[in-house]
Amino acid sequence: MAVRPRHCTGSATMRLAQLVGQRIKEAPRDAQTASHIYLLRGGYCRPLSTGIYTLLPLGFRVASKVEAIIREEMNRVDGQEILMPVVQPAELWEESGRYQAVGQELLRFRDRNDKPMVLAMTHEEAVCHLARTELSSYKQLPCMVYQLQTKYRDEARPRAGLIRVREFTMKDGYSFHTSEACLQAYYERVHEAYARIFRRVGMRDCISIESDSGMIGGAVSHEFMAVADCGEDTIFVSPDGRYKANRECAISRPAYVTAAPEPLEKVATPGATSIEAVATLLGITPAQTGKAVFYRDAQGALVFVCIRGDIEVNESKLRKVLQSPQLTFANDAEIQAAGAVAGYASLLAIDATAVRVVVDPSFAASSNLVVGANEADFHMKGFNYERDLTAAQRAAITVTDIATVREGDPCPLSGEPLRLLRGIEVGNIFQLGTKYSAAMGVNYLDQDGKAKPMIMGCYGIGVGRTVAAVIEQNHDDYGPIWPMAIAPFHVHICALNIRDEAVRTAAEGLYRDLQAAGLEVLLDDRSEKAGFMFNDADLIGVPLRLVLSPKTLAEGKAEFKIRGQAEKSMLDLAEVVPFLKAQVAAALAE
RNA sequence: CGGGGCGUAGCGCAGUCUGGCCAGCGCGUCUGGCUUGGGACCAGAAGGUCGCGAGUUCGAAUCUCGCCGCCCCGACCA
């Protein structure tokens, strides 16, 4: 096992009677997902406040093993481990612009001298400060530093145990380069390292998908998604697996209905202010209508959006188009002030040179849509974007994809229907470029003697979330079924009737011998009923179980069972140690 | 931030509408006995500012007002 500079998994052995963290029979009512239930019931973690958890010995051991694997893989791609502060001066965040840009999830406070401080939710600012101090020459690049450190995000809604928390441990890495090509090549190496990490920790189904880079910024980014029904993210995947994307940025290749333009015609649609009502009234489908949506951007300016009636606006895409971190629906008064009639608004009557207008291709390319007449109780039939707007109008309008993809929409690559999955975001990687280095003066002197901003990448993994995701993908009705690589122990010994001298002697002997053989052993040395002990063993979920009882010892044997499998077998006492050692080695080698 | 729900022993809950009886039940914990292959049984015990604070009342877990915390859905989310 690798050396663990900061965390260690503690002793290789543990007696259940002494283990801190009771198993509990009934899960707290608020625990609803498998990982939340089993982490609490199995004595892996305990809540301290909303979204803030103590890791108990079992949970800490699992998390430490995940961290050890992460360290190995980060070191393998030439990462250098460091540790940066969680408490940081606000002025550092003002430099990057995020003190203002980030919302309330950044916890702000003042120290005793009334100096504004923050609890770091990520460490781009801190690492930039480090880089501009320590890295000054192209000869030092490229390089990557990473840390396993606490992050704090004042989440609006923590949920599902360790899946979405406020305080958590994250591996975050940052790389520095002198060229985009170098960053891209390194990004690929990290991508591969991530795939190895999630495979090694025992994730069954973890995919990397294209993602929206959100508040971190940057051009190219991927999210590693553990596929699980309880996941918070919606993912679209093509049947051939070539296209995988988060709903926030997923695109499709929709077919637009085109036909010979029909004349514009005003039709009465009394009271029909919704797409559904208009379609019903006129006997058409929502796809034959055009929808008008009004937003207010971060500066408070009105934005007019048009899209085909059956398609939802994707606000992530729209935010990106508008370069506006916040968007809210405009109210009726604001819509009226722009000269539009709510419920019957139309591009036909809006001055696109005066109001920001964004149009989805589904609206611009479809023929003969029914759109608002910009007059209460009337719509227009036969709207055709090219024909019915002046060139000046069209020149002022942004036509770009702002559509929300739906399950079954055609894949942009193959045209096959896209499949919808739910995922837990366990890791993400970004090509940041110079977003932070330019803002914060992170420069190096190049060969030509000129100062240039470093080109950066950043790479995160949520440790606790990964632990939870592994349980979501590896459990049965009794508890978790840990992959050997991150199991809290390798072997769980149940000593039935421990007061029997022969049982005690044999159990203590095996406990000692297995430990000497390099295995991590949990010994249930309590004087409990067999069923009680078996249920606790299942709830803890250690991969290998050994049972010793007067019955097995009478034959000079111990019973062996693999967690998650029904078969049991009997082992001669003499072969237990080599057999289990081989089992563990084989499982770890997978 | 919007909608809904909840707060009584470590966990799960009853009691609250309709104020008054010793604040109860199951699990867990402790002691003793008995039992020992899939969550046994018997006897005894510890454990509570009934979320907090005001108020009404002779009397409040219960009624009133304010506050706090927690969960779910939505919004939001490196």
Side-chain angles (χ1 to χ4, degrees), chain A residues 21-33 36-37 40-41 43 46-52 93 96 98 101-106 120-127 151-161 163-166 168 170-174 211-218 221 223 230 232-233 246 248 315-316 319 325-329 425 427-430 432 435-436 458-462 465 477-479 494-500 503 524 526-539 545 547-553 558-559 561 566 568 570:
Chain A
Q22 293 290 311
R23 270 69 53 212
I24 47 186
K25 191 180 269 184
E26 293 175 274
R29 201 177 30 173
D30 43 292
Q32 306 202 332
T33 62
H36 193 189
I37 290 168
L40 290 175
R41 287 193 54 207
R46 292 287 182 258
L48 183 64
S49 178
T50 305
I52 300 182
W93 287 66
S96 70
R98 286 207 295 185
V102 174
Q104 290 196 311
E105 60 266 30
L106 178 64
M121 51 195 293
T122 173
H123 282 73
E124 280 80 14
E125 283 79 4
V127 84
K151 301 279 184 290
Y152 185 87
R153 291 183 193 175
D154 219 19
E155 291 281 357
R157 190 154 96 77
R159 56 177 291 268
I163 289 177
R164 186 177 188 76
V165 292
R166 292 196 289 175
F168 58 102
M170 178 177 191
K171 188 286 295 177
D172 48 327
Y174 306 89
S211 71
D212 178 43
S213 54
M215 88 166 193
I216 275 243
S221 65
E223 291 170 335
C230 71
E232 305 182 284
D233 288 88
N246 196 311
E248 290 175 357
E315 291 185 18
S316 301
R319 266 193 295 274
Q326 285 172 343
L327 280 180
T328 48
F329 284 119
E425 183 188 349
N428 53 26
I429 56 179
F430 299 86
L432 290 177
K435 175 178 158 77
Y436 291 89
C458 76
Y459 318 95
I461 293 179
R465 195 179 263 195
D477 291 342
Y478 306 102
C494 291
L496 303 189
N497 203 350
I498 190 84
R499 288 184 193 159
D500 180 307
V503 172
D524 192 345
R526 300 169 303 171
S527 179
E528 296 289 352
K529 299 278 290 183
F532 186 90
M533 294 168 80
F534 293 155
N535 278 301
D536 265 5
D538 287 345
L539 189 51
R545 189 184 80 184
V547 178
L548 291 168
S549 71
K551 213 161 74 185
T552 68
L553 291 176
E559 180 196 277
K561 178 178 176 300
K568 302 166 183 170
M570 301 302 284

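Computed from heavy atoms alone, side chains included, the values below leave out hydrogens, waters and symmetry copies. Just so it is clear: chains get the letters A, B, ... in the order the sequence lines come, proteins before strands, and each one is counted from 1.
Out of B:U36, B:C77, B:G37, the shortest distance to the side chain of A:Asn497 is found at B:U36. Of the candidate nucleotides B:C72, B:C70, B:G38, B:C70 has the atom lying nearest to any side-chain atom of A:Ser49. Of the listed nucleotides (B:C72, B:U35, B:G69), B:U35 has the atom at the smallest distance from the side chain of A:Arg499. Of the listed nucleotides (B:C70, B:U35, B:G37), B:C70 has the atom at the smallest distance from the side chain of A:Thr50. Ranking B:C76, B:A40, B:G38 by closeness to the A:Lys568 side chain, first place goes to B:G38. Among the nucleotides B:G37, B:U36, B:G39, the one closest to any side-chain atom of A:Asp536 is B:G39. Side chain of A:Thr552, nearest nucleotide from B:C77, B:G37, B:C72: B:G37. When each of B:C70, B:G37, B:G38 is scored by its nearest atom to the side-chain atoms of A:Lys561, the top-ranked nucleotide is B:G38. Relative to the side chain of A:Phe534, the nucleotides B:G39, B:G37, B:C76 differ in distance, and B:G37 lies closest.
Across B:C67 and B:G44, the matching C1' atoms stand 43 Å from one another, rounded to whole Å. Taking the P atom of each, B:A75 and B:G39 are spaced 44 Å apart, rounded to whole Å. Taking the P atoms as reference points, B:G4 lies 22 Å from B:U8, given to the whole Å. Between B:G7 and B:C52, the two C1' atoms lie 11 Å apart (nearest whole Å). Annotation: B:G19 and B:C58 have their P atoms spaced 15 Å apart (nearest Å). Taking atom P on both B:G26 and B:A14, the two are 15 Å apart, rounded to the nearest angstrom. Comparing B:U36 with B:A40, their P atoms sit 13 Å apart, to the nearest whole Å.
Of all heavy-atom pairs between A:Leu496 and A:Met533, the closest is CD2-SD, 3.8 Å. A:Leu548 and A:Val503 get closest at one heavy-atom pair: O-CG1, 4.1 Å. Heavy atoms only, all atoms of each residue included: A:Arg166 and A:Pro158 are closest at CG-CG, 3.7 Å. For the pair A:Ala537 and A:Cys494, the tightest heavy-atom approach, listed with the atom from each and the gap, is CB-SG, 4.3 Å.
In this structure, CZ of A:Arg46 is placed 9 Å from P of B:C11, rounded to the nearest angstrom. Atom CE of A:Met121 and atom C1' of B:C76 are 12 Å apart (whole Å). Regarding A:Lys529, its NZ atom lies at a distance of 10 Å from the C1' atom of B:G38, rounded to whole Å. The separation between A:Arg166 atom CZ and B:G69 atom P is 9 Å, rounded to whole Å. Per the geometry, CZ belonging to A:Arg164 stands 11 Å off C1' belonging to B:A75, to the nearest Å. If you take CG of A:Asp500 and C1' of B:U35, they are 14 Å apart, rounded to a whole angstrom. One interatomic measurement links the two molecules: CZ of A:Arg545 to P of B:G38, which rounds to 11 Å at whole-angstrom precision.
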Distances for protein N/O vs nucleotides 45-48 of chain B N/O pairs under 3.5 angstrom?
none

Mind listing the N/O atom pairs, protein and nucleotides 1-10 of chain B, below 3.5 Å?
{"from": "B:C6", "atom 1": "O2'", "to": "A:Arg29", "atom 2": "NH2", "distance (Å)": "3.3"}

Restricting to nitrogen or oxygen on both sides, can you table the protein-nucleotides 25-30 of chain B pairs closer than 3.5 Å?
{"from": "B:G26", "atom 1": "N2", "to": "A:Glu26", "atom 2": "OE1", "distance (Å)": "3.2"}

Would A:Asp172 and A:Tyr174 count as a side chain to side chain contact (heavy atoms under 4.5 Å, CB included) here? Give the steps. CA-CA 7 Å; A:Asp172 48 327; A:Tyr174 306 89; 2.6 Å; yes
Step by step, would you call A:His123 with A:Lys151 a side chain to side chain contact (heavy atoms under 4.5 Å, CB included)? CA-CA 9 Å; A:His123 282 73; A:Lys151 301 279 184 290; 3.2 Å; yes
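Using a 4.0 Å cut-off between a side-chain N of Lys or Arg and a carboxylate O of Asp or Glu, A:Arg545 and A:Glu559 qualify as a salt bridge. Salt-bridge annotation for A:Lys435 and A:Glu124: absent, with no side-chain N of the basic residue lying under 4.0 Å from a carboxylate O of the acidic one.
No engagement by A:Asp172 is indicated, since no non-hydrogen atom pair under 4.0 Å with the nucleic acid exists. Note on A:Ser549: a base of the nucleic acid sits closer than 4.0 angstrom, heavy atoms only. Note on A:Glu315: only backbone sugar-phosphate atoms sit closer than 4.0 angstrom, heavy atoms only; bases stay farther off. Residue contacts for A:Tyr459: at a heavy-atom cut-off of 4.0 Å it reaches no nucleic acid atom on any strand shown. Using a 4.0 Å heavy-atom distance criterion, A:Arg41 is classed as a base contact. If you check every strand for non-hydrogen atoms under 4.0 Å, A:Ala495 touches nothing. Residue-level contact check: A:Arg465 touches neither bases nor backbone, having no heavy atom under 4.0 Å from any strand.
For the atom pair CG (A:Asp500) and CG (A:Leu553), the distance works out to 7.5 Å, reported to the nearest 0.5 Å. Rounded to the nearest 0.5 angstrom, A:Phe532 CZ and A:Arg23 CZ are separated by 7.5 Å.
Base pairing of B:G47 is not made with any nucleotide, judged by Watson-Crick or G-U wobble geometry with both donor-acceptor distances under 3.5 Å. Under the Watson-Crick or G-U wobble criterion, with both distances below 3.5 Å, B:U62 has no partner in any strand shown. With a cut-off of 3.5 Å on both pairing distances, the Watson-Crick or G-U wobble partner of B:C25 is B:G12. Applying the Watson-Crick and G-U wobble criteria (two distances, each under 3.5 Å), B:G19 pairs with nothing in any strand. Base pairing analysis places B:G74 opposite B:C1; the two distances defining the Watson-Crick or G-U wobble pair are each below 3.5 Å. Pairing for B:G7 goes to B:C68, judged as Watson-Crick or G-U wobble with the two contacts each under 3.5 Å.
Residues passing the side chain to side chain contact (heavy atoms under 4.5 Å, CB included) test with A:Tyr478 are A:Asp476, A:Asp538, A:Arg563, sequence neighbours excluded. Among residues two or more places apart in sequence or in another chain, the side chain to side chain contact (heavy atoms under 4.5 Å, CB included) test is passed with A:Ile498 by A:Ala495, A:Arg504, A:Asp525, A:Ser527. With sequence neighbours left out, the side chain to side chain contact (heavy atoms under 4.5 Å, CB included) criterion links A:Asn428 to A:Glu223, A:Glu425, A:Phe430.
Under the 4.5 Å side-chain criterion, counting only non-hydrogen atoms from C-beta, A:Asn246 is in contact with A:Asp233. With a 4.5 Å cut-off on side-chain heavy atoms, A:Arg164 and A:Glu155 count as touching.
Residue A:Ala160 is the one, among A:Ala160 and A:Asn428, whose nearest nucleotide of RNA chain B lies closer to the 5' end (criterion: closest heavy atom). Mapped onto RNA chain B by nearest heavy atom, A:Gly462 and A:Gly161 fall at different nucleotides, with A:Gly161 at the one closer to the 5' end.
The base of B:G38 lies close enough to the side chain of A:Asp538 for a donor and an acceptor atom to sit less than 3.5 Å apart.
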